[in-house]
Chemist: 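The structure is given below, and queries will be raised subsequently.
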Amino acid sequence: MAITERRIRLRWWGLAALVLSGLVVGLDVTILATALPTLSAKLDASTSQLQWISAAYMLSMAGLLLPAGMCGDRFGRRRLLMAGLVVFGGASVAASQVGSADGLIALRALMGVGAALIVPLTLSVLPSMFTNKERPRAVAFSMIGTYLGLPLGPVVAGWLLTNFAWGSIFLINAPVVVLALLGVWLLVPESKDLRAPRLDWVGAVLGLVGITSITYAIVEQPEHGWTGGDLVLTFVAGAVVLGAFIAWESRTRSPLVDLRLFLKRRFTWSTLAFTTVGFVMSGVLFALSQYVQIIQGNDAMGTGLRMLPMVAALMLGSLASTRLTAHWGSKVIVAGGLLVTAVGMTLLSLASAGSGYGLIAIALTVGGLGIGVAMPAAVDAMMGALPRAQMGVGMGLSSTLRQLGSVLGVAVLGSILNSGYRDGLSGHLTGLPSSIQNAAEGSLAGAAAVVRHLPTALGGTLQRAAYSAFSGGMDDVMLVCAGVALAGALLTFWFLPARALATGSTPEASVGSVPSATLAHSTTLDGGVECRARSAATLAGCRYAGNASSSTAGTPGWSARSGAPHWACRCRLTRTATGGWSRARARLTSSSNRCRKARS
């Protein structure tokens with residue numbers, strides 16, 4: 001029993017390694033955004049190169065999320081997760097030493113490859129470690145790690161750039177990756193679908209080209225607009241290729257993505273909530289960071305510190321989400337969390353150029369609390385709807401949609417912000433040289449830079465106009481975010497089932513003297529019997545003998561004789577064609593190290 005309890009404790013330490021894996025990806029996004037001005041000076045990077053330093057990462061990550069999840073299901077989720085950590089960590093170390101902008105762009109693309117492996121597989125390994133009862137809490141902790149990195153990025157970047165060389169913003173990833181890699185290697189069990197179909201290379205290529213093309217067009221649109229034919233052509237071509245991908249996946253015998261997953265309402269509508277949060281958070285971080293840093297006069301580190309109310313609220317909401325979901329169900333908690341998020345965004349829309357930090361802190365707390373409550377419930381509902389064999393590709397699909405939501409959020413909300421800013425500033429630049437007008441209209445940072453070179457009276461007038469115009473544009477952005485969150489809340493409340501069906505495919509709780517959560521290795525034998533064992537060696541001895549009786553009424557579960565310490569392998573049949581459940585009992589005998597059918 002002591003050994004079993006120790007293994008149970010080690011599972012939670014394994015979760016800590018997964019949290020670190022998500023944290024390092026979240027940190028990297030906002031650390032880079034804060035450091036772009038420094039990179040421009042140190043690497044003599046042009047504006048186009050700076051854009052590609054960010055875009056290369058997003059493009060490679062978005063395009064590879066789907067095949068990464070599929071490969072995890074086929075070749076082993078832990079194995080591919082460790083590979084992703086090695087790629088991400090190695091590319092980070094190399095990026096810290098690179099001497100050119102083009103070299104950094106290539107390494108950022110390689111980091112995106114690693115992130116594409118880390119993001120879906122960090123979540124998809126959870127069902128092999130935790131029971132259905134424990135999984136919501138595990139998901140909540142995992143979400144804390146993923147979203148904690150986003151607002152902490154400016155804090156870490158400001159401190160690193162103040163005290164160390166610019167390469168430290170990438171080198172900081174190395175120790176975190178090493179800790180995560182050791183934890184995953186030692187504490188996370190391997191899981192995969194031993195009956196996985198052949199890899200759908202045609203679908204993988206079509207998905208990669210289609211998603212990458214659409215993402216590229218969306219990323220470049222704020223800079224170049226839709227007036228040029230190249231971006232429109234790229235977007236249309238991506239949409240056509242994505243349509244071909246859907247058609248191919250609907251017909252092939254071994255699809256990369258089983259599109260029938262979208263027939264499951266818990267998967268579809270929880271994924272919508274997942275994507276909605278990505279859209280809203282991108283708007284908050286994009287617009288509010290400029291407001292707090294330039295208008296309220298804070299440096300990068302101070303800006304990050306002023307995001308901490310959101311961090312604290314996210315953690316509190318995530319921790320409370322598990323109990324709330326158990327009591328009220330996914331429908332109420334996901335919809336309620338999005339509704340609270342909409343309230344937070346509405347409060348942010350009340351900010352003006354002269355507002356103090358108090359309003360911002362309250363709004364961030366309310367919005368962060370809503371996101372923290374909604375996200376774990378949505379992700380757990382999503383995972384509960386996925387078959388165990390498709391956990392990797394299912395999470396890859398949802399992560400792809402969330403990534404597209406985030407990219408679309410930056411593009412759409414950025415356009416709204418720029419439009420509101422320019423409209424508010426028009427009429428205040430009359431009589432100024434064209435170079436000053438162009439710089440001021442280009443961005444809030446450009447206007448702030450111009451003000452320093454103008455006479456005091458004129459500069460003060462331009463500064464007040466620019467600050468007021470930007471605040472007006474930010475208010476529009478927050479109202480759009482509030483509307484999107486409200487729409488997501490209503491759709492989720494109407495269509496998301498409150499709870500999973502009782503006939504879920506994931507084991508519920510421990511049975512007998514060996515908790516099912518400790519039986520980390522699993523396989524599916526001939527006849528549809530799913531077996532789990534403590535070790536791969538034990539699992540290799542599992543055999544299925546005879547026919548199991550069918551029952552249309554029984555609830556599936558692991559069967560074992562209570563109090564028998566030699567029970568270490570349990571088998572059950574999957575759902576039958578008639579809709580019933582066939583169950584088998586199995587016992588590990590010490591002499592043959594083999595699972596055999598036992599009499600009821």
Side-chain angles (χ1 to χ4, degrees), residues 19 22-23 25-31 33-34 140-159 273-274 276-296 298-321 333-334 336-351 355-379 402 405-406 409-410 413 474-475 477-482 484-485 488-489:
V19 170
L23 177 64
V25 174
L27 272 175
D28 183 76
V29 175
T30 49
I31 280 182
T34 305
F141 281 112
S142 181
M143 287 292 96
I144 289 174
T146 300
Y147 283 100
L148 192 62
L150 297 177
L152 282 182
V155 179
V156 176
W159 180 75
F274 199 41
T276 299
V277 169
F279 183 95
V280 171
M281 284 201 71
S282 67
V284 172
L285 294 175
F286 177 75
L288 193 61
S289 59
Q290 298 181 68
Y291 175 87
V292 173
Q293 184 166 355
I294 299 176
I295 295 180
Q296 295 196 337
N298 299 287
D299 58 12
M301 186 172 180
T303 300
L305 290 173
R306 282 159 179 78
M307 297 291 181
L308 289 181
M310 174 178 276
V311 176
L314 273 169
M315 295 177 66
L316 180 63
S318 297
L319 294 175
S321 179
I333 299 308
V334 175
L338 290 176
L339 182 60
V340 173
T341 302
V343 173
M345 299 303 102
T346 303
L347 290 175
L348 279 176
S349 72
L350 302 177
S355 298
Y357 175 68
L359 174 63
I360 304 300
I362 293 172
L364 286 175
T365 301
V366 174
L369 187 65
I371 292 173
V373 168
M375 282 301 297
V379 173
R402 187 201 66 179
S406 298
V410 172
L413 299 175
M474 188 185 77
D475 293 345
V477 165
M478 297 308 165
L479 285 176
V480 171
C481 288
V484 170

Chemist: Identify the two heavy atoms, one from I333 and one from A377, that lie closest to each other, and give their separation to 0.1 Å.
Modeler: CG2-CB, 4.0 Å
Chemist: Tell me every residue that passes side chain to side chain donor-acceptor pair (under 3.5 Å) with D475, counting only those two or more places apart in sequence or in another chain.
Modeler: none
Chemist: In Å and rounded to the nearest 0.5 Å, what is the OG to CG distance from S349 to L359?
Modeler: 9.0 Å
Chemist: Apply side chain to side chain contact (heavy atoms under 4.5 Å, CB included) to V156 and L27, showing your working.
Modeler: CA-CA 8 Å; V156 176; L27 272 175; 4.1 Å; yes
Chemist: As an exercise, state the distance from CE of M375 to CE of M281, rounded to the nearest 0.5 Å.
Modeler: 9.0 Å
Chemist: Please give me the minimum heavy-atom distance between A482 and T346, naming the atom from each residue.
Modeler: CB-OG1, 3.5 Å
Chemist: Calculate, to the nearest 0.5 Å, the distance between atoms CG and CG belonging to L23 and D28 respectively.
Modeler: 11.0 Å
Chemist: Taking only residues two or more places apart in sequence, or in another chain, which ones meet I294 in a side chain to side chain contact (heavy atoms under 4.5 Å, CB included)?
Modeler: L444, A445, A448, Y467
Chemist: With a 4.5 Å limit on heavy-atom distance, are the side chains of M478 and L350 in contact?
Modeler: no
Chemist: Any side-chain heavy atom of L413 within less than 4.5 Å of one from F279?
Modeler: yes
Chemist: Is any side-chain heavy atom of T341 closer than 4.5 Å to one of V277?
Modeler: no
Chemist: Shortest non-hydrogen contact from M345 to G367?
Modeler: CE-CA, 4.4 Å
Chemist: Please output the side-chain donor-acceptor pairs of residues 305-320 that fall under 3.5 Å, not counting sequence neighbours, one pair per line with the distance.
Modeler:
residue	atom	partner	partner atom	Å
R306	NE	N298	OD1	3.2
R306	NH1	N298	OD1	3.3
R306	NH1	G302	O	3.0
R306	NH2	N298	OD1	3.3
S318	OG	L314	O	2.9
S318	OG	G372	O	3.4

Chemist: Which atom names give the shortest non-hydrogen contact between A287 and M474, and what distance separates them?
Modeler: CB-CG, 3.9 Å
Chemist: On a heavy-atom basis, which atom in A351 and which in I360 lie closest, and how many Å separate them?
Modeler: CB-CD1, 3.9 Å
Chemist: Going by side chain to side chain contact (heavy atoms under 4.5 Å, CB included), name the residues that satisfy it together with A363, two or more places apart in sequence or in a different chain.
Modeler: L347, L348
Chemist: Please identify each residue that fulfils side chain to side chain contact (heavy atoms under 4.5 Å, CB included) with A273, with sequence neighbours left out.
Modeler: V334, L338, A378, T492
